[in-house]
Amino acid sequence: MKKFTCFILSALLTSAVLNAANPPDQFAFMTCVSSGEQERYVRAMIKSIRDNAGEYRTCKVYVVVAQPDEASGNLLTGENVELLRPEPDSIFLNYPLAIKAFAAAYVEQMVKDKIRTLVWLDPGVIILNSPASLDLKGRFDVCVRPVSLVNNIGLPPGVEPDDYWSPIYKANKLDYKSVLTIETLVDAVQIQPYYNCEIYSVNPGLGICKEWAVQLSDLLRNDSYQKNTCTTPRRRLFLHQAVLSGIIASRVKANRIKSLPLTCSYPFNQHDQLAEEKKVSSLNSLSAVIFDYAWSNTPAWMDKIRIDEPLKSWLSDTYQEYMK
C-alpha cells in the first residue's frame, strides 16, 4: 500500500511538472524591426509583456534589427531585451515579409539548446493578459492557428497542389490526400494546412524556423517560380506563410500541434468580418491582439471594441507613447 501511495504521489508530481508553465528562462519571445514605425510598435509590445504577461512578464525578448539604417533599436533597450543585428541576405529584405523567416531562424539557432518555447510576435501585437496558451509545456512542438482568409491561396481538402503549392509539397514530401484539414478563421472555409504566422510558438530544438528560411530562400532564388507563379501581390505576400505551413505539416505530428485560441491571436482589423459568435465583446478578455497597423491607420481604433478599466487607461497611455 505504501509503494502504491508513493507511486500515485510521484505520478501526480510528474503531471504537475508537465502541465506547469515553462520557467522564465525556458520561455522567450522574438520579433524583428525593419523601420522606425515598427520600432515604436515593438517598444509598445515589450511594455505590454512587462506589464500584462503575468508569469511570463520577465521572459527574454529577442529583437532582430533587420535594417539598421531604418530602425536603430535605441527605443528598445531594457532589461532582458537582446537586440540582434545580423546581416541578412538581401533576398530576404527585398521580398514581402520574408525577413520574418530569416529573423526567426536566427533567434532559433541562438536559443535551441536552452529554450523550450520560443514565441514569435509580429510588430503590432500587444499582450493584454498572460500568453499561457502559447506555452508548449514540453507536450507540443508548435502552437499555431489557421489563416484568417483563403485569399485564393489555400487549397480545398483532397485537391492536388497547384503551381504555387506544388514545390512546397514536394520539398516536404507531403501527400495532399492525407494532410490535415483545417478551417480558416474569418471566412470559415475548409482547407489543407495553411497557418497564420503573426503569432505562433515553436520548440526551437526541432529547427523548424531554420528549415523555413532555407526553403523560402530556395523559392525566392527560383527565377522561374517567381516569374511564372508568384505573379500576384497576394502570392508574393503570403509565400512565407505557405512555406512555413508545409514544414509544420511535414515535421510535426498532428497530436504535437497545439491549436492557438482566438483569444491569443485576435485579428483586430478583421473584427467586423468575424462571425458574431467569434467576436469578442471586450478587449479585456484577450491575452494577445494583433493590431497590425491600426494604431497608425485608424485614429478611432479605441472605439471599435469595448475596453474596460484599468486596461483602457493602460492602452491609452501606451498608444500616446507610441505616437510620440
Side-chain angles (χ1 to χ4, degrees), residues 28-46 61-77 81-112 118-125 147 151 153 164 167-168 171 195-200 202 204 207-248 290-293 295-297:
F29 299 94
M30 62 175 171
T31 189
C32 71
V33 297
S34 300
S35 68
E37 182 178 13
Q38 286 188 346
E39 187 171 352
R40 289 186 291 120
Y41 264 119
V42 171
R43 177 177 61 178
M45 174 202 297
I46 294 172
V61 181
Y62 294 91
V63 183
V64 174
V65 182
Q67 291 181 296
D69 293 340
E70 301 293 332
S72 67
N74 292 337
L75 298 178
L76 308 178
T77 57
V81 176
E82 185 165 346
L83 301 181
L84 306 170
R85 293 182 170 86
E87 294 187 14
D89 190 311
S90 61
I91 200 164
F92 290 107
L93 293 173
N94 298 327
Y95 202 90
L97 302 180
I99 191 62
K100 292 172 60 172
F102 169 82
Y106 189 84
V107 176
E108 179 188 69
Q109 289 303 295
M110 286 186 58
V111 307
K112 62 181 180 180
L118 183 59
V119 175
W120 174 273
L121 303 176
D122 262 13
V125 170
V147 293
N151 277 327
I153 299 293
Y164 187 73
I168 297 172
Y195 298 107
N196 175 275
C197 63
E198 292 171 292
I199 301 177
Y200 65 88
V202 295
I208 289 173
C209 296
K210 178 183 178 181
E211 184 64 20
W212 183 21
V214 169
Q215 290 192 26
L216 182 58
S217 175
D218 289 343
L219 290 178
L220 298 185
R221 297 179 194 282
N222 186 326
D223 292 337
S224 176
Y225 182 75
Q226 290 301 317
K227 180 180 179 180
N228 300 316
T229 302
C230 294
T231 54
T232 67
R234 284 180 176 176
R235 282 194 161 199
R236 290 168 58 84
L237 183 64
F238 298 125
L239 182 59
H240 70 294
Q241 288 193 154
V243 174
L244 179 59
S245 299
I247 293 167
I248 291 174
I290 304 167
F291 280 116
D292 201 1
Y293 289 97
W295 279 9
S296 54
N297 296 341

Subject >> Glu198 (side chain) donor-acceptor with Leu121 (main chain) under 3.5 angstrom >> reply: no

**OP:** Would you sort out whether Val33 and Leu76 count as a side chain to side chain contact (heavy atoms under 4.5 Å, CB included), showing the intermediate values?
**Re:** CA-CA 10 Å; Val33 297; Leu76 308 178; 4.3 Å; yes

Subject >> Backbone N/O of Tyr195 and side chain of Ser245: donor-acceptor pair under 3.5 Å >> reply: yes

Original post:
Trp212 vs His240 aromatic rings, parallel, tilted or perpendicular, using cut-offs 30° and 60°?
Top reply: parallel

Original post:
Side chains of Ser35 and Gln67: is there a donor and an acceptor less than 3.5 Å apart?
Top reply: no

Original post:
Quick check, are the ring centers of Tyr293 and Tyr41 under 6.0 angstrom apart?
Top reply: yes

Original post:
How would you list, by chain and number, every residue that makes a side chain to side chain contact (heavy atoms under 4.5 Å, CB included) with Ser90, sequence neighbours excluded?
Top reply: Asn94

Original post:
Passes side chain to side chain contact (heavy atoms under 4.5 Å, CB included), Val63 versus Leu84? Steps please.
Top reply: CA-CA 6 Å; Val63 183; Leu84 306 170; over 6 Å; no

**OP:** Begin from the C-alpha positions of Val214 and Leu216 and carry the test side chain to side chain contact (heavy atoms under 4.5 Å, CB included) through to its verdict.
**Re:** CA-CA 6 Å; Val214 169; Leu216 182 58; over 6 Å; no

Original post:
Between Leu219 and Ile168, is a side chain to side chain contact (heavy atoms under 4.5 Å, CB included) present by the stated rule, with each step listed?
Top reply: CA-CA 9 Å; Leu219 290 178; Ile168 297 172; 4.0 Å; yes

Subject >> Pairs meeting criterion salt bridge (Lys or Arg N to Asp or Glu O under 4.0 Å) with involvement of residues 225-241, two or more places apart >> reply: Asp162-Arg235, Asp163-Arg235

**OP:** Please list, chain by chain and in numerical order, all residues satisfying side chain to side chain contact (heavy atoms under 4.5 Å, CB included) with Ala171, sequence neighbours excluded.
**Re:** Gln215

Subject >> salt bridge (Lys or Arg N to Asp or Glu O under 4.0 Å) partners of residues 82-100, not counting sequence neighbours, each pair once >> reply: Lys60-Glu82, Asp89-Arg221, Lys100-Asp122

Subject >> Backbone of Leu239 reached by a side-chain donor or acceptor of Tyr164 within 3.5 Å >> reply: yes

**OP:** Would you give the length of the straight line joining atom CE of Met110 to atom CG of Leu118, rounded to the nearest 0.5 angstrom?
**Re:** 10.5 Å

Original post:
Roughly how far apart are Cys230 SG and Tyr225 OH, rounded to 0.5 Å?
Top reply: 4.5 Å

Original post:
How would you list, by chain and number, every residue that makes a side chain to side chain contact (heavy atoms under 4.5 Å, CB included) with Ala105, sequence neighbours excluded?
Top reply: Cys209, Ala213

Original post:
Going by the ring-ring contact (aromatic ring centres under 6.0 Å, His included) test, which pairs reach into residues 84-107, not counting sequence neighbours?
Top reply: Phe92-Phe102

Original post:
To the nearest 0.5 Å, what is the distance between OG1 (Thr232) and CZ (Phe238)?
Top reply: 9.5 Å

Subject >> Contact summary for Val42 and Cys32, nearest pair of heavy atoms >> reply: CG2-O, 4.3 Å

**OP:** Using modelled atom types only, decide if a donor and an acceptor are shared between the side chain of Glu39 and the backbone of Leu75 within a distance under 3.5 Å.
**Re:** yes

